[in-house]
J.: 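Below is the structure I would like to discuss, written out as structure tokens.
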Amino acid sequence: MVSGYDHHQIEQKWQRFWEKNSSFKAIEDNSKPKYYILDMFPYPSGQGLHVGHPLGYTATDVVSRYKRMKGFNVLHPMGWDAFGLPAEQYALQTGTHPAITTAENIDNFRRQIKTIGLSYDWDREINTTDPKYYKWTQWIFLQLFNKDLAYEAEVPVNWCPELGTVLANEEVVDGKSERGDHPVYRVPMRQWMLKITEYSESLLEGLDELDWPEGVKELQRNWIGRSEGAEVIFQLPSIDESITVFTTRPDTLFGATYMVLAPEHPLVGRLTVPNNKKQVKKYVEKALRKSDLARTELEKEKTGVFLGSYAINPANEEHIPIWISDYVLMTYGTGAIMAVPGEDQRDWDFAKKYDLPIVRTVQPPDKFDGEAYSDDGPSVNSDFLNGLKIVDAKEKIIDWLEKNKRGCSAIQYKLRDWLFSRQRYWGEPFPVIHFDGDVEAVAETDLPVELPEIEDYKPSKSGDPPLSNAGGWLTVDIDGKSGIRETNTMPQWAGSCWYFLRFVDPHNDDEPWNKDIESYWMPVDLYIGGQEHAVLHLLYARFWHHVLYDLGHVSTKEPFKKLVNQGMILGEDGAKMSKSRGNVINPDVIIDKYGADSLRLFYMFLGPLEKAKPWSTSGIQGSNRFIRRVWSMLTDENGDLSKKISDIEADNDLTRLIHQTIKKVTDDIEALRFNTAISQLMILVNEIKERDKYPKTAVELLVLLMSPFTPHVCEELWEKLGYDDTLINCNWPEYSEKLAKEELITIAVQINGKRRAEIEVAPGIDEESALALALEHENVKKYVDENEIKKTVLVKDRLLSIVV
RNA sequence: GCCGCGGUGGUGGAACUGGUAGACACGCUAGCCUUAGGAGCUAGUCUUCUCACGGAGGUGCGAGUUCGAGUCUCGCCCGCGGCACCA
């Protein structure tokens, strides 16, 4: 071996050094600008760290180390999102308490993360399952509860018998559980709900100011699903009531030829005429029994039943039949629609099947050969709206509705309230007590309500949570009244909704965080994590934060200023890593073989952070080779500083390259373009190696610039270069614009758009002189020849274009 | 169906606001060194014609704008992710 690079020895040495010196301890310091940089904290699973994890962690670490050298006071913490189903399921199988499993998994995760050499402030480590932590999760719940943002309701929930729990809408995918892929059914159950819908507008507006990927913002916008339209009141002569419908197309009101209610609509019974009772009852029961799976998979063709009664279209006073169908959802709008088959494909399908009248109210173009026509055009068959375009017709009909008290403009959201309870053991207990139908908050001084030890973690078939087995814990006497604790627990999202706030003041036992400290660190300046949290975690956390802001507990409305999603690491075959494919890479093995610095460098060099990229064994070997090249450049066979390093000054070419490199690496780290920063460092190494003697200043700059990426080997080399102080305390180098400039540059000469020659010129050369120089070039002469030069274009220091 | 992102050598990827396409690396080929190497070093490597000099073509496909298009406009094709009866 030419190189004596021993990554085991070097990495252990420096990891111990950082730990011993608490090198990354963050202390509030108003004299310095702060930078709060956060990873999405992991769920410590039994499988250990996945190779995907270190990608994001390394990215934040590079930025953290860079920002420290830039003079920022950096907060870079790590913790554990440790409540969750796997530990509980393991407990069901083995009887091992989830706390034990969780603690073991955390120890393993921490050990693995530490071997990567990440610059976390470990004194701030938090764990969502620690009573000292969830005390404050419960405290925040009480803030919501006291503000009437938490309530109990009997709601149709997504009940999953296999998991023995209810799931949030967001956890159900195609009628199956997101975890485990088990069937999910709609059943009514008493549940805790959080009124996130009250914050729809706030959450939507807040997005505009965020430096987040456009795609993620768009996902959230779609999830919130704001639509503008109108509410229209339809009178029901048979029962002397009215039904309000929501529509985004009030302009088509004259084309509303029938009405459809959701099967669950409360007026269905009263609107059903005796002759239709049997059929209607059958249809309603069938619809209620259907799981979401059945609704999405089997509902290719629309079904429905006529109730036998009529509603009055307020625009033209026509009696229109009322139907029920499960294509109308009780959970959106008012659970009733006006059907306009001429302009809505769903209504068209239904009308065709049941032979209901179709009236077009927008004139389609001549060549239109589709069914429902939903694009713009002049209104027809619409009385006073005739001839108007959609926008104007909408405005006019809304005016008319409001004047005649038959409706008004309205806004609807797709977002529903957040189902916040789970029938599980391993979660935060709700800090409330039931007294004879009344619900009371547990006094703040009695927090936390700790999870009791229980024998049986199994939920009952009816959905009674495991905590109903918790004997003595269950009943409480307060002031002579006896009550029963809530036996549901909070969902896993609860702990992650605010952990970034606890990081700013993690050991505070008197309050969730100190306000001054909070306003020093918040908001999170850079948040990096997986795209899979684009809606769930990030929307929930924003919701809590908006509430806390309104209550004056936090100083910023939005918690995460800049968000970046790291791309997935795929298997070497380009497919998603999975045990069944056998393409899983274990980070422990890689670090043992090549070292943490190689792994870090590989991740950062692989490609743009946000992109999905396949793992590459030869790629990591390449990174390892680069580190060894640098190592052997600076050291001799005895491990001493190489004799080729000397105090000579760098020549002009090298000086220029050094300054260009400082500039590029700095700019690239700021923009999170790590791969191109590294490629520039490689160019610098290649250039230095061409010299017989390596100027010490050049080598030192290289080590400084590389240190955020490969900190261990850089610390070691820095020490060999004769410095006592660690790189962490060094200043990031500054570049000189002047020295980075080329003395002579090569510009291209194009003739009629084709590159024909290159000429060497002084920077900033003017068009005339450039042309003169170009015309001396043989190849240019050849192409210009006798032709007349019609036009020339000079792009400064780039290219000269000649048109002949 | 709708929304978002993407398509550049054998591979990962470069290319600033329209300005020399393929930086840097991997892989491969040849050579050197070596008892040997899967270690290291040197050279080459988009395709194609040419001994070379130098041409021609080339960024998913087809048009367009421009002195000049990977980059901008329009129309398609393909891949990935999300939403999916939301009225």
Side-chain angles (χ1 to χ4, degrees), chain A residues 1-3 173-174 213-219 221-223 225-227 229 245-249 252 256 260 262 295-296 299-300 302 325-329 331-340 343-347 349-350 412-416 531-532 534-535 565 567-568 574 576 602 605-608 610-623 625-626 628-629 632 664 667 671 673 675-683 685-686 689 746-758 778-779 782 790-804:
Chain A
M1 282 283 266
V2 178
S3 96
V173 178
D174 288 336
E214 212 34 64
V216 175
K217 292 209 258 185
E218 208 46 40
L219 277 175
R221 285 191 191 107
N222 291 340
W223 194 266
R226 182 186 205 269
S227 36
V245 304
F246 174 75
T247 176
T248 52
R249 292 291 304 275
T252 63
V260 188
R295 278 207 185 189
T296 48
E299 287 318 291
K300 294 258 166 18
K302 300 209 182 332
S325 170
D326 61 8
Y327 85 91
V328 174
L329 310 172
T331 43
Y332 181 75
T334 60
I337 63 157
M338 62 181 220
V340 187
E343 273 80 39
D344 185 297
Q345 189 60 41
R346 294 157 302 177
D347 297 342
D349 294 340
F350 193 80
Q412 276 289 331
Y413 300 91
K414 280 203 286 187
L415 188 68
R416 324 254 164 94
Q531 165 106 54
E532 67 274 17
V535 182
N565 294 126
M568 214 188 315
K576 212 167 162 170
F602 166 70
F605 185 57
L606 194 55
E610 301 87 339
K611 258 191 88 171
K613 299 152 290 234
W615 178 266
S616 156
T617 302
S618 48
I620 185 129
Q621 284 165 353
S623 299
R625 186 179 308 158
F626 175 69
R628 291 201 321 264
R629 268 163 65 87
S632 66
K664 178 139 184 71
D667 293 349
R673 288 188 304 246
N675 54 334
T676 48
I678 293 168
S679 109
Q680 182 68 30
L681 289 167
M682 287 172 167
I683 293 170
V685 170
N686 292 344
K689 281 199 82 163
T746 311
I747 70 169
V749 181
Q750 283 185 353
I751 295 159
N752 286 348
K754 294 259 177 221
R755 180 166 60 97
R756 293 301 177 190
E758 288 171 1
E778 209 163 302
N779 220 23
K782 192 170 113 196
K790 285 191 187 141
K791 185 180 174 183
T792 56
V793 180
L794 178 83
V795 182
K796 191 166 174 285
D797 295 352
R798 280 269 167 188
L799 134 169
L800 176 71
S801 183
I802 304 171
V803 188
V804 298

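All chains are named by letter (A, B, ...) in the order of the sequence lines, taking the proteins before the strands, and each is independently numbered beginning at 1.
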J.: Could you give the distance separating G68(B) and C32(B) at their C1' atoms, to the nearest angstrom?
T.: 45 Å

J.: Map Glu758(A) and Ser616(A) onto RNA chain B by nearest heavy atom, then report which one ends up closer to the 5' terminus.
T.: Glu758(A)

J.: Can you tell me how far C1' in G81(B) sits from the matching atom in C85(B), rounded to whole Å?
T.: 22 Å

J.: Could you work out the separation of G6(B) and U71(B) based on their C1' atoms and round it to a whole Å?
T.: 15 Å

J.: Donor-acceptor pairs are to be reported for all side-chain atoms of residues 792-804 of chain A against protein atoms at under 3.5 Å, with residues two or more places apart or in another chain.
T.:
| residue | atom | partner | partner atom | Å |
| --- | --- | --- | --- | --- |
| Thr792(A) | OG1 | Glu767(A) | OE2 | 2.6 |
| Asp797(A) | OD1 | Gly764(A) | N | 2.7 |

J.: If we take the P atom in both G37(B) and G31(B), what is their distance in whole Å?
T.: 13 Å

J.: Taking only residues two or more places apart in sequence or in another chain, which ones pass side chain to side chain donor-acceptor pair (under 3.5 Å) with Asn675(A)?
T.: none

J.: Do you know which two heavy atoms are closest between Tyr332(A) and Tyr413(A), and how far apart they sit?
T.: CE1-O, 3.4 Å

J.: Name all residues meeting the ring-ring contact (aromatic ring centres under 6.0 Å, His included) criterion together with Phe350(A); count only those two or more places apart in sequence or in a different chain, and write none if there are none.
T.: Tyr258(A), Trp323(A), Tyr327(A), Tyr354(A)

J.: Contact class for Arg221(A) vs. all strands (heavy atom < 4.0 Å): base, sugar-phosphate, or nothing?
T.: nothing

J.: Could I get the full list of salt bridge (charged side-chain N to carboxylate O under 4.0 Å, His left out) partners for Arg629(A), not counting sequence neighbours?
T.: none

J.: Going by side chain to side chain donor-acceptor pair (under 3.5 Å), name the residues that satisfy it together with Glu532(A), two or more places apart in sequence or in a different chain.
T.: none

J.: Round to the nearest Å and state the distance from Asn686(A) atom CG to A25(B) atom C1'.
T.: 10 Å

J.: Could you list the residues that satisfy side chain to side chain donor-acceptor pair (under 3.5 Å) with Gln531(A), not counting sequence neighbours?
T.: none

J.: For Lys613(A), enumerate each residue passing the salt bridge (charged side-chain N to carboxylate O under 4.0 Å, His left out) test, keeping only those at least two apart in sequence or located in another chain.
T.: none

J.: Expressed as a whole number of angstroms, how long is the span from Lys414(A):NZ to C2(B):P?
T.: 15 Å

J.: With the sugar-phosphate defined as primed atoms, P, OP1 and OP2, and the base as all remaining atoms, what B/S/- string results for nucleotides 3-18 of chain B, 5' to 3', for protein heavy atoms under 4.0 Å?
T.: SS-------BSS-B--

J.: Excluding sequence neighbours, so at least two apart, what forms side-chain contact (heavy atoms from CB on, under 4.5 Å) with Ile678(A)?
T.: Leu601(A), Met604(A), Phe605(A), Met682(A), Phe709(A)

J.: Taking NZ in Lys689(A) as the centre, count heavy atoms belonging to other residues, nucleotides or ligands within less than 6.0 Å. Is the count above 12?
T.: yes

J.: Describe the nucleic acid contact of Thr792(A) in one word from base, sugar-phosphate, nothing, applying a heavy-atom distance below 4.0 Å.
T.: nothing

J.: Looking at residues at least two apart in the chain, or sitting in another chain, which of them share a side chain to side chain donor-acceptor pair (under 3.5 Å) with Gln750(A)?
T.: none

J.: Given atom CD of Gln621(A) and atom P of C24(B), what is their separation to the nearest angstrom?
T.: 21 Å

J.: With the criterion being N/O to N/O and under 3.5 Å, what pairs connect the protein with nucleotides 66-73 of chain B, and how long is each?
T.:
| residue | atom | partner | partner atom | Å |
| --- | --- | --- | --- | --- |
| C67(B) | O2 | Ser801(A) | OG | 2.7 |

J.: Across nucleotides 54-59 of chain B, 5' to 3', mark each nucleotide with B, S or - according to how protein heavy atoms within less than 4.0 Å reach it.
T.: SSSS--

